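Worksheet: one structure, shown below.
Lettering of chains follows the sequences in order, A, B, ..., and the numbering in each one begins at 1. Being a predicted model, the structure only gives us computed values, none of them experimental. These values consider heavy atoms only, across backbone and side chains, with no hydrogens, waters or symmetry-generated copies.
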Number of protein chains: 2
Amino acid sequence: MFTKIDRNSKIPLNKQIYDTIINNILTGRLKAGDKMPSTRILSDTLGVARNILVEVYEQLTSEGYLEVVRGKGTFISSIEIKPIMYRETKKETDQPVKKSDIISFECGIPDLRSFPRNVWAGYLKESMFDMTSQECGYSHILGYKPLRIEIAGYLQNYKGICCSSSQVFITAGTTDAIEFLSLLFRNRCPNFICEEATVPFIPDIFRLQGYHMKTISVDEEGMSLKELQEVPGSLLCVSPSHQFPLGGTLSFERRNSICDWLLRNHNFLIEDDYDSEFRYKGASVNSLYQLAPDHVLHLGTFSKTLIPALRLGYMVIPETLLEEAKQLKFLLRKRIDLVNQIALYKFIASSKYTKHIFKMKKIYKSRMLYITSRLRELFGDEIYINGENSGLHIAVTFTNYRFDEHFSDILLQNDLAIDLLTDYQQNPSRETNTLIFGFGNLEVKEIENGLQRFKEVICNIKLNNSI
Amino acid sequence: MFTKIDRNSKIPLNKQIYDTIINNILTGRLKAGDKMPSTRILSDTLGVARNILVEVYEQLTSEGYLEVVRGKGTFISSIEIKPIMYRETKKETDQPVKKSDIISFECGIPDLRSFPRNVWAGYLKESMFDMTSQECGYSHILGYKPLRIEIAGYLQNYKGICCSSSQVFITAGTTDAIEFLSLLFRNRCPNFICEEATVPFIPDIFRLQGYHMKTISVDEEGMSLKELQEVPGSLLCVSPSHQFPLGGTLSFERRNSICDWLLRNHNFLIEDDYDSEFRYKGASVNSLYQLAPDHVLHLGTFSKTLIPALRLGYMVIPETLLEEAKQLKFLLRKRIDLVNQIALYKFIASSKYTKHIFKMKKIYKSRMLYITSRLRELFGDEIYINGENSGLHIAVTFTNYRFDEHFSDILLQNDLAIDLLTDYQQNPSRETNTLIFGFGNLEVKEIENGLQRFKEVICNIKLNNSI
């Protein structure tokens, strides 16, 4: 019965014995009424300390597997046993992703090689030791207070947003913020309106929560406002400083109209500010939050200014919604890893954050200049480019070509990945003449190689079409 | 107009100039039709490089604030300007929590002083450097694969759970898992059933998602099954190995009945296994997942075995639900901080995790023995204790006293915090004779002091009642 005991196993002896007995019961080898050997005998047989066996027997008795009959011994209970399917764990190993030579103009990825790992690793270590014992427990539900104060200061200095740190909630990135807001507004604003071309997870999450969905078209200046209806109970989501993916910056006139609309209808707006830090021409754009602080939820992220793997961001909640938002946060009990928050606090407070942004802005600006000038050299007036004043991607519209889903396959066959506008459309047309080139994570040399390959692909298509 | 420029400010010059112009427009000092100074003149006046001013003017023009009239100059646009409320950021500093002498028998907190910070800090640092550049981007949505493999191995060795690592999803703790499951089951199982006394956030989150709620009473052996109705489309949540907060272990007979019920009604069960690692008598209890692997979602956490601040846990998804669960995870795009996941992987793979549990189990066992024996010495047959075979808390029922909400205040006046059973009841009665003593984060000396204080409080009540 106990042939399975293994003294070299990581599994404790009592667990092994317990499992073996249960296994024997479940598989029918031990039947109701069978007498168990006494713990003394079993202890001798197995060479296992008797107190271990006593505990196992007690445990099995308390769980109803065994019954003690006074003066007679311990017996298998007469409880009904159902046959149980045991499954073997499949042997698995971590399969490394196959190295490939693909040049990916994927959107939304910053330069992953420039992240100051050394500095960050040092701060992580420091943070681990700076934490009080108390802080190792369940941390503050809205985020680490010193970090929230630093972010409020940063918002005032760099985004012109005047808010108190109590309005700043730390998030695990924008997805986390969106999930939270989809719960916060469920009753207040059943209508969700977003840009027709947008980052897909935002409408996905609101759709999941049963919102009534509406989209609004986008042009070179961002969201087009003619389609905005006078419907109260609406929540509008916009990326005003750099429309994703089409790259437009919302004009002051449109900003003003949106704020009028918000006030007139008592509606709310989510300002998805994912990359306004990287503005190459002119000063950074002021936020919608500034124009209508009681109606705008401003979202920021550290996924673009630092790296996505950190999962850190923030949202600014209007004072009018603060109590309600806090209550929801407390109800959900969802917290963010504290060590990371303290490390970020140190990084911002030491001015390393703004210095890093400054450094990256220069790098990205040179990449932006390179990709736009090379595209213009390669394609001349066959293309026009939108969104080159800021951010890590551009929208390139072709006057002579249209691309459909097969084009992605053709690109992949040529070791290239470039997003089509249709990848981001809520009601995608079958084909598009606009491609989205992300370049944040590509060095100039990689951009050059990628564009060369891309030029060849286009030439081949031309050739094939002319045959 | 530009008196505000400050060369020592952290705010870039172009941002300062941009803000000042906008401020002057918004406050009416610059009016529609006013001519702007040329960039050449302004450059001289301010001593600012002219290209900065050209960029600011271009930016303001593109946003609609300024208009260029060819051959005449740059003018303030005639767009309608609404007055805007500017708010000052309130000056805030981090207020340290007042040191206090309170002895807290708070539940669910492990020993925060025993966490091996040194080792963990080292792993964090290592992990930061081990990450490939690619891994700094958006990490795998279900979690770090090597960690998932380690957890699957751990589950097999220590909990008797046979599952593939692809069934293991990494979570940011149990709250995160519960929020996910409340979305996963919304259509499939509209009826949510939980124990009448439970950790409050679980029913809170399901209630928020509009589930039809039902509770089932709990006795010393855990959830009482008589009230379980034959209703398909039900999702049952249980803490079988150590009922929270009453401490009972679900008997094999009840486990069997629950599994019958699951199969008969095609229902599902959430097994909230928050502390089965700390079992002091007998082998660790086998999981419900083992008995009905297609119907049970097993939740585990590192908040009790390590520390809550890490925000790490896992869930095991039945194979039958795997595709659906993956799709939902991908839709939500929610990821967990990768550095922490790699550190945890290293911690488990190096066997430090199981060694840490072993060490903590000994510490907690001695605390459990201490608190139960001292309570029995102090109160004799005035009390009975439940849940002392495992975990970090006990339920103490008093035969002669009943406690209501005022009792918490009395305790606090005596620098004590102890939870009442009513704090965890879904339909709380006005008073209870059961108190829940958590002791995970208290050293023996603190337990002793706390119990002394508690004894005094009870004696005073006796005294007052007898007057």
Side-chain heavy-atom pair [X], [Y] within 4.5 angstrom cut-off:
| X | Y | result |
| --- | --- | --- |
| A/F115 | B/M128 | yes |
| B/L124 | A/V339 | yes |
| A/R186 | B/L208 | yes |
| A/N389 | B/E58 | no |
| A/E179 | B/L183 | yes |
| A/I336 | B/D337 | no |

Please flag which part of [X] lies under 4.5 Å from any non-hydrogen atom of chain B: side chain, backbone, both or neither.
| X | answer |
| --- | --- |
| A/P110 | neither |
| A/I109 | side chain |
| A/E135 | backbone |
| A/T132 | backbone |
| A/Y280 | backbone |

Rounded distance (nearest 0.5 Å) linking atom CG of B/D19 with atom CD of A/Q290: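 One finds 6.5 Å between CG of B/D19 and CD of A/Q290.
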Between OH on residue B/Y138 and CD on residue A/E106, distance to nearest 0.5 Å: 9.5 Å
Within 6.0 angstrom of A/F330 CZ, more than 12 heavy atoms from elsewhere: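 Enclosed.
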Leading residue by heavy atom contact count with chain B [cutoff under 4.5 Å; candidates [options]]:
| options | value |
| --- | --- |
| A/S127, A/P200, A/G137 | A/G137 |
| A/L338, A/L328, A/N157 | A/N157 |
| A/L332, A/I178, A/D176 | A/L332 |
| A/L310, A/N441, A/L312 | A/L310 |
| A/L155, A/T175, A/L60 | A/T175 |

Flag, side chain of B/R335 to backbone of A/P308, donor-acceptor distance under 3.5 Å: no
Segment of B/D111 engaging chain A (4.5 angstrom heavy-atom cut-off):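 It is neither, since no heavy atom gets under 4.5 Å.
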Region of B/Y123 that comes under 4.5 Å of a non-hydrogen atom in chain A: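 Contact with chain A involves no heavy atom of B/Y123 at all.
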Can you tell me which of [options] forms the most heavy-atom pairs within a distance under 4.5 Å of chain A?
| options | result |
| --- | --- |
| B/N118, B/L250, B/V56, B/L306 | B/N118 |
| B/T249, B/L53, B/I205, B/I52 | B/I205 |
| B/R113, B/Q134, B/Q209 | B/Q209 |

Side chain to side chain contact (heavy atoms under 4.5 Å, CB included) between B/F129 and A/R117, worked out: CA-CA 7 Å; B/F129 290 109; A/R117 295 186 189 214; 4.0 Å; yes
Considering all heavy atoms, the nearest A/A121-B/K125 contact: CB-CG, 3.7 Å
